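We name chains A, B, ... by the order of the sequence lines, and we start the count at 1 in each one. Everything quoted here is computed from the prediction, not taken from an experiment.
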Protein chains: 2
Amino acid sequence: MKKEKIEIAPECNEHIRGVRDTMSLLDGKWKTLIISHLYYVGKMRFMDLKRQVEGVASKTLSKELKDLELNRLITRTQNNTMPVSVDYELTEFGKSLHQIIDTMGAWGIRYREEILK
Amino acid sequence: MKKEKIEIAPECNEHIRGVRDTMSLLDGKWKTLIISHLYYVGKMRFMDLKRQVEGVASKTLSKELKDLELNRLITRTQNNTMPVSVDYELTEFGKSLHQIIDTMGAWGIRYREEILK
DNA sequence: GGTAACAAGTAGCAATTTGATACTTAATAA
DNA sequence: TTATTAAGTATCAAATTGCTACTTGTTACC
């Protein structure tokens with residue numbers, strides 16, 4: 001039996017690599033959702049995010065935010081308030097993800113019935 | 001200090017719920033990438049997927065494919081060949097994700113330099 | 001004729017991620 | 001006086017993912 005190796009067109013490979021690169025920034029269970037909240041709501045504080053993103057543990061949220069900041073998708077700003085409050089906000093780079101978020105949101109709305117089966 | 005609860009516009013909430021629902025089908029480290037391969041390449045066998053999706057372990061691939069099948073995004077077809085071969089293919093429902101995949105692919109290509117910093 | 005390779009996974013154990021709960025500090029509201 | 005709030009961290013448990021080996025039956029290779 002001949003081992004027929006699959007041939008993939010270069011432009012497909014480029015797209016697939018694009019998807020892989022994108023996912024490397026969005027991996028983990030919560031990042032996409034966190035970004036969605038920041039995108040639709042705007043600047044948010046840690047506790048607001050924790051309340052809005054249902055189900056995240058503080059530890060996980062904290063870690064995901066650090067990852068996102070490292071990848072320059074969000075900024076972290078500590079306010080001179082008492083007690084300290086911290087704002088998280090999408091960078092321009094982070095905002096450039098809007099098309100992905102919108103597309104996902106629209107798909108989820110459109111296929112909600114199908115998903116819930 | 002007053003606890004000012006964040007108000008979110010209903011249509012934003014709907015979008016966010018859409019994103020959440022979408023992600024519930026695509027969670028896990030590999031699903032989006034697997035779907036991308038099936039989308040760009042078409043029908044693929046288990047071993048082809050394992051070879052193309054760099055880094056997946058058999059066990060993980062197997063589990064992710066089962067999840068995708070359960071959610072009716074892909075079909076699994078066992079061929080009467082010797083040795084047995086199995087084809088995985090996107091359903092129409094699965095193909096409806098194409099806009100998400102395309103958007104992610106395009107974003108990844110466009111921002112590759114930025115991502116790799 | 002014997003050995004290796006291939007298909008599509010599974011089994012078992014290790015390593016990594018995620019989750020749940022409690023705790024931290026300083027200030028303010030009840 | 002006690003509880004609450006902010007933004008996390010600490011600790012341990014549970015779930016996910018990864019690595020290596022193995023399964024079965026049939027061909028390709030030497």
Side-chain angles (χ1 to χ4, degrees), chain A residues 1-6 20 23-35 37-38 41-71 74-90, chain B residues 1-7 20 23-35 37-38 41-71 74-89:
Chain A
M1 178 164 298
K2 201 172 68 183
K3 171 172 146 188
E4 33 186 296
K5 192 167 181 189
I6 282 193
R20 185 153 27 81
M23 289 308 294
S24 74
L25 297 193
L26 299 181
D27 77 338
K29 202 168 166 177
W30 301 101
K31 294 199 183 71
T32 307
L33 208 47
I34 292 169
I35 290 172
H37 277 89
L38 292 176
V41 177
K43 189 165 62 174
M44 287 177 85
R45 288 178 301 171
F46 186 87
M47 284 308 289
D48 290 331
L49 275 169
K50 183 161 157 44
R51 276 189 282 265
Q52 295 290 326
V53 181
E54 286 179 48
V56 232
S58 295
K59 190 172 97 174
T60 307
L61 179 57
S62 170
K63 185 241 173 196
E64 298 282 63
L65 288 169
K66 276 176 192 164
D67 288 350
L68 291 172
E69 199 192 350
L70 259 176
N71 285 322
I74 64 172
T75 52
R76 177 186 184 281
T77 311
Q78 184 166 328
N79 304 308
N80 272 334
T81 54
M82 197 60 72
V84 171
S85 70
V86 174
D87 287 324
Y88 289 96
E89 194 169 14
L90 288 180
Chain B
M1 182 165 294
K2 201 174 62 182
K3 170 172 149 189
E4 33 186 296
K5 192 168 183 189
I6 281 193
E7 291 289 328
R20 186 153 25 81
M23 289 309 293
S24 73
L25 298 193
L26 298 181
D27 77 337
K29 202 168 165 180
W30 300 102
K31 295 201 182 69
T32 306
L33 208 46
I34 292 170
I35 290 172
H37 277 90
L38 292 176
V41 176
K43 189 164 61 175
M44 286 178 86
R45 288 178 299 172
F46 186 87
M47 284 308 288
D48 289 331
L49 275 168
K50 183 161 157 46
R51 275 189 283 265
Q52 294 290 327
V53 181
E54 285 179 49
V56 231
S58 295
K59 192 170 100 172
T60 307
L61 179 57
S62 172
K63 185 242 172 195
E64 298 283 63
L65 288 170
K66 275 177 191 162
D67 288 351
L68 292 172
E69 200 193 349
L70 259 175
N71 285 322
I74 63 172
T75 54
R76 177 186 183 279
T77 311
Q78 185 167 329
N79 304 309
N80 272 333
T81 54
M82 196 61 69
V84 171
S85 71
V86 175
D87 286 325
Y88 290 96
E89 194 170 12

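In this structure, Leu33(B) atom CG and dT17(D) atom C1' are separated by 15 Å, rounded to whole Å. We find that NZ of Lys29(B) is positioned 16 Å from P of dA15(C), with the value rounded to whole Å. Between Asn79(A) atom CG and dT5(D) atom P there is a gap of 19 Å when expressed in whole angstrom units. For the pair Asp67(A) CG and dG8(D) P, the computed distance is 14 Å after rounding to whole Å. The distance between atom CD of Gln52(B) and atom C1' of dA8(C), rounded to the nearest whole Å, is 17 Å.
Between the side chains of Ser85(A) and Asn79(A), at least one donor N or O lies within less than 3.5 Å of an accepting N or O.
Atom NZ of Lys63(A) sits about 4.5 Å away from atom NZ of Lys31(A), to the nearest 0.5 Å. Going from atom CG of Leu49(B) over to atom CD of Glu64(B) covers 11.5 Å, rounded to the nearest 0.5 Å. Interatomic distance, Leu65(B) CG to Arg76(B) CZ, rounded to the nearest 0.5 Å: 9.5 Å. In this structure, the separation between OG1 on Thr32(A) and CG on Leu68(A) is 9.0 Å, given to the nearest 0.5 Å. Considering NZ of Lys43(B) and CG of Asp48(B), their distance stands at 11.5 Å, rounded to 0.5 Å.
Listed pair Tyr88(A) / dA6(D) fails the phosphate criterion, with no side-chain N or O lying under 4.0 Å from OP1 or OP2. A close approach under 4.0 Å does occur between a side-chain nitrogen or oxygen of Lys66(B) and OP1 or OP2 of dT10(C). Residue Lys63(B) has no polar side-chain atom (N or O) positioned under 4.0 Å from OP1 or OP2 of dG18(D). Side-chain nitrogen and oxygen atoms of Arg51(A) include at least one within less than 4.0 Å of the OP1 or OP2 phosphate oxygen of dA6(D).
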Distances under 3.5 Å between nitrogen or oxygen atoms of protein and nucleotides 19-25 of chain D:
none

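The two residues Tyr88(A) and Leu38(A) come nearest to each other via the heavy atoms O-CD2, 3.5 Å. Considering all non-hydrogen atoms of both residues, Met44(B) and Gln52(B) come closest at CE-CG, 3.5 Å.
Both Val84(A) and Gly28(B) lie near DNA chain D, and the one whose nearest nucleotide falls closer to the 5' end is Val84(A).
For Ser85(A), the side-chain atoms get nearest to dA6(D) when compared with the rest of dG19(C), dA6(D), dG18(D). Residue Arg76(B) has its side chain nearest to dA8(C) when only dA8(C), dA6(D), dT9(D) are considered. Side chain of Ser62(B), nearest nucleotide from dG19(C), dG9(C), dG8(D): dG9(C). For Thr60(A), counting side-chain heavy atoms from C-beta on, the closest listed nucleotide (dA7(D), dT17(D), dG19(C)) is dG19(C). In this structure, the nucleotide among dA7(C), dG9(C), dA6(D) sitting nearest to the side chain of Met47(A) is dA6(D).
Between the two ends of the helix from dG1(C)-dC30(D) to dA30(C)-dT1(D), each summarised by a five-pair axis, the helix axis turns through 0° (rounded to 10 degrees).
Residues Ile74(B) and Ile34(B) form no side-chain contact, since every pair of their non-hydrogen atoms from C-beta on lies 4.5 Å or further apart.
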Taking only distance into account, with no hydrogens and no angle test, what donor-acceptor pairs under 3.5 Å do side-chain atoms of residues 53-60 of chain A form with protein atoms, sequence neighbours excluded?
none

